[in-house]
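One structure below.
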There are 2 protein chains.
Amino acid sequence: MTTEPSRRRRPPRLRDVADLAGVSMKTVSNVVHGHPHVRPETRRRVQAAIDETGYRPQLAAQHLRTGSSGIVTLAVPSLTFGYFSDIAQHFIDRARELDRTVLLHTTSDGREQELEVFTGFKRRLGDGVIFNPLLIEEEIFSRYEEFPQPTVLIGEHVPDGALPRNADYVRIDNVRASADATSHLLATGRRRLAFVGALPPGPAPHPHGSAALRMTGFGQALDRHGIDPGTAPAPEVANWHRTDGRRAAHLLCAEHPEVDGIVCGNDELALGVLAGLRDRGRRVPQEVAVVGYDDSPDAPFAYPSLSSISPDKTFIARLALDMLAERIGGYEGPPRMVTAPHQLIVRDSTAAAD
Amino acid sequence: MTTEPSRRRRPPRLRDVADLAGVSMKTVSNVVHGHPHVRPETRRRVQAAIDETGYRPQLAAQHLRTGSSGIVTLAVPSLTFGYFSDIAQHFIDRARELDRTVLLHTTSDGREQELEVFTGFKRRLGDGVIFNPLLIEEEIFSRYEEFPQPTVLIGEHVPDGALPRNADYVRIDNVRASADATSHLLATGRRRLAFVGALPPGPAPHPHGSAALRMTGFGQALDRHGIDPGTAPAPEVANWHRTDGRRAAHLLCAEHPEVDGIVCGNDELALGVLAGLRDRGRRVPQEVAVVGYDDSPDAPFAYPSLSSISPDKTFIARLALDMLAERIGGYEGPPRMVTAPHQLIVRDSTAAAD
DNA sequence: CGGCCGGGTTCCAACGTTGTACTCAACCCA
DNA sequence: TGGGTTGAGTACAACGTTGGAACCCGGCCG
């Protein structure tokens with residue numbers, strides 16, 4: 001509103017506004033916060049002074065005084081995965097509705113970064129945290145019965161022990177979802193299935209805990225149809241990016257040309273697989289069907305459009321943030337565990353072979 | 001490191017650590033900050049006390065005392081665009097290297113949100129801001145000669161007036177880049193070009209200021225080749241998402257079947273256009289060539305792989321953040337304006353027609 | 001007409017941290 | 001031996017805000 005840029009070096013404080021309006025600091029504070037017991041006339045005068053000085057409260061001081069900042073930390077592995085950037089946007093939107101601000105971190109660099117997020121960093125900041133522990137889940141469950149800050153975990157296991165008293169858990173049933181995807185391929189008549197997404201075993205667990213679970217689901221579904229999971233090819237991939245999928249597809253074409261259906265660990269891999277099959281002249285879905293996981297925004301625009309497991313991102317973001325907000329707001333009840341719904345979106349890549 | 005969860009309601013303060021170690025608060029502070037003049041023995045004792053209590057400094061207090069928080073605000077239109085989530089990740093990475101934290105905002109909801117980011121929100125927070133004003137650029141340039149906080153703008157115009165004294169500008173030469181893309185199509189022999197990305201005129205300017213500029217570049221290139229830009233079809237799109245591109249492609253096929261090259265406002269549109277052409281049985285690149293803009297991570301995996309203008313995101317993120325860090329660190333020099341480099345990545349979608 | 005009530009406001013302290021000024025001891029060279 | 005320097009540590013105030021106690025004043029009831 002002010003047209004004249006402040007010439008002062010330091011931004012205006014409550015004090016400055018108070019002096020200008022001829023009232024006490026507290027009265028200004030009351031006006032700022034819409035406290036009811038202020039005479040209209042006073043309110044008007046104070047508001048004018050606020051406008052004139054361009055005053056805005058300083059969060060640091062409020063935070064120090066009141067003990068809460070309105071900031072929530074969100075940590076995802078990496079925004080370069082469409083799934084995570086998508087879900088991050090959902091979180092940001094919901095946070096705005098709740099009048100909170102999102103501090104975004106990415107943890108793809110591993111254990112250290114996860115621990116950092118979990119413990120609240122070198123510095124204490126933000127009122128709580130939402131994140132998906134990929135590497136440190138075991139560790140933190142066994143170590144704490146109360147987490148260092150209000151926490152909502154997004155995870156894939158049913159945790160073994162009890163949840164810490166100040167945490168909630170949004171669970172995504174990877175095993176079941178992946179089995180659904182696999183059953184779908186079986187239902188369309190494919191029998192020689194492969195799984196793309198297995199990770200090389202290593203001393204350090206890999207940043208994609210989902211890999212094992214999704215593969216388990218794949219195996220379970222085969223089992224249920226009387227197929228020995230041990231016979232299904234599952235080429236190892238170094239990571240879960242498109243390139244890895246493409247490479248895996250090339251490999252499958254060379255070593256297992258009989259494969260007629262591919263279940264992928266995520267959509268990125270699946271898109272890479274589609275490209276790889278194209279490179280080798282294999283037709284999808286006529287010769288090979290492909291199903292992904294995440295329902296990333298690319299899926300409907302792939303060629304052919306990609307069938308995929310679609311976790312309900314809006315649900316996840318909304319629920320996680322709401323539960324965290326309740327914790328921050330003082331909710332002291334028992335830890336909650338909710339399983340997020342998912343559905344299989346069928347598109348062209350798994351149409352019945354003709 | 002501590003195995004026993006803190007039972008105290010309030011987190012440990014400097015004071016608690018100091019008492020436990022039998023030194024003054026300031027000495028603890030010195031240890032925390034690696035101040036040199038502390039006896040090794042004392043340092044050890046203090047460190048032990050820190051470990052035992054699980055102390056972490058509280059950012060709010062540090063911020064209040066020192067006037068800086070180590071947080072920078074980054075605002076992008078929306079993470080659902082691959083380009084922006086990609087660039088956001090670059091920012092986050094660079095910020096970590098500089099030991100800063102990113103507060104992420106999205107401004108796709110328009111003017112209000114942009115103003116909010118620009119002025120520093122309802123609350124003053126963060127040491128500075130990086131963002132791309134789409135709607136309010138004019139407004140803020142005419143209004144301020146000094147911005148309310150250290151600011152780095154990412155933009156597309158050469159601003160008319162002088163830059164405010166405490167801002168820097170990273171410029172992306174949309175006109176030139178778009179002309180490059182267009183010239184490329186012309187060089188491969190296409191003559192009946194169309195532009196997909198024009199926005200409906202409206203009283204309120206639209207969230208994609210780039211639209212006009214990229215279209216201008218398109219026109220300039222045509223002009224240089226002796227083609228009247230007025231004759232080139234440019235169907236309007238409601239937004240810059242894939243769906244809009246698909247719809248535009250359908251329209252072009254129906255009304256301008258002679259078109260043999262399409263320049264798109266961004267990759268999302270281009271991917272939609274590829275899908276739309278596929279829907280109508282038009283072959284790319286044999287019958288129609290398509291070029292995008294942004295070099296989103298999808299481009300190389302599209303079918304056919306998509307040629308695209310690739311702005312140097314690493315350069316942009318690094319430079320913008322470094323300049324902001326300098327400003328925050330006290331740099332008082334004149335405003336700087338840097339043009340970010342771009343290149344055209346040629347892939348299958350613009351291979352010469354055979 | 002005095003005491004009470006409560007709306008409107010002021011005053012004060014405290015949140016946790018760090019910069020400045022200060023103290024005290026040990027050490028060094030003239 | 002003494003003045004000055006350096007190293008190690010302490011005490012205190014201040015950053016901007018808000019909750020609570022205290023205060024003032026006009027109106028109402030007894």
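This is a predicted model, so every value here is computed, not measured. Chain identifiers are assigned alphabetically (A, B, ...) following the order of the sequence lines, protein sequences preceding nucleic acid strands; residue numbering begins at 1 within each chain.
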Kindly indicate, with the supporting measurements, whether the criterion side-chain contact (heavy atoms from CB on, under 4.5 Å) is fulfilled by B/Phe91 and B/Leu104. CA-CA 10 Å; B/Phe91 271 105; B/Leu104 191 57; over 6 Å; no
Below 4.0 angstrom from OP1 or OP2 of C/dT17, is there any side-chain N or O of B/Thr66? no
Taking the side chain as every heavy atom from C-beta outward, state whether A/Thr106 and B/Arg96 have any atom pair closer than 4.5 Å. yes
Judged by nearest nucleotide, the residue sitting upstream toward the 5' end of DNA chain D, A/Arg65 or B/Val38, is B/Val38
Please state how far atom CG in A/Leu59 lies from atom P in C/dC15, giving the value in whole angstrom units. 19 Å
Among the nucleotides D/dT18, D/dT17, C/dG19, which one has an atom lying closest to any side-chain atom of A/Gln58? D/dT17
Examine the side chains of A/Asp127 and A/Ser69 and answer whether a donor and an acceptor come within less than 3.5 Å of each other. yes
Relative to the 5' end of DNA chain D, which residue comes earlier, B/Thr27 or A/Met25, by the nucleotide with the nearest heavy atom? B/Thr27
Report the distance from atom CG of A/Leu64 to atom P of D/dT18, rounded to the nearest whole Å. 11 Å
Distance in angstrom units between B/Ile50 CD1 and C/dT17 P, rounded: 11 Å
Stacked cation flag B/Arg336 on B/Tyr331, 6.0 angstrom / 45 deg: yes
Return the value, rounded to whole Å, for the distance between atom CZ of A/Arg56 and atom C1' of D/dG16. 16 Å
Just compare C/dG7, C/dT18, D/dC15 and give me whichever is closest to any side-chain atom of B/Lys26. C/dT18
Check this one for me: any side-chain N or O of A/Gln62 less than 4.0 Å away from OP1 or OP2 of D/dG16? no
Just the rounded figure in Å: distance from P of D/dT17 to NE2 of A/His33. 10 Å
With a 4.0 Å cutoff (strictly under), does any side-chain N or O of B/Arg39 reach OP1 or OP2 of D/dG9? yes
Looking only at D/dT17, D/dT10, C/dT17, the nucleotide nearest the A/Leu14 side chain is D/dT17
Nearest to the A/Tyr55 side chain among D/dC15, D/dT17, C/dT10, which nucleotide is it? D/dT17
Find the distance B/His37:NE2 to C/dT23:C1' and express it as a whole number of Å. 16 Å
Measuring to OP1 and OP2 of C/dG16, would you say a side-chain N or O of B/Arg13 lies under 4.0 angstrom away? yes
Can a side chain N or O of B/His63 be found less than 4.0 Å away from OP1 or OP2 on D/dC15? no
Does this structure show an ion pair linking A/Arg94 with A/Asp322, if we count only N-O contacts that are shorter than 4.0 Å? yes
Roughly, in whole Å, what's the span from NE2 in B/His35 to P in C/dG19? 10 Å
Rounded to whole Å, CG of B/Asp19 lies from P of D/dT10 at a distance of 12 Å
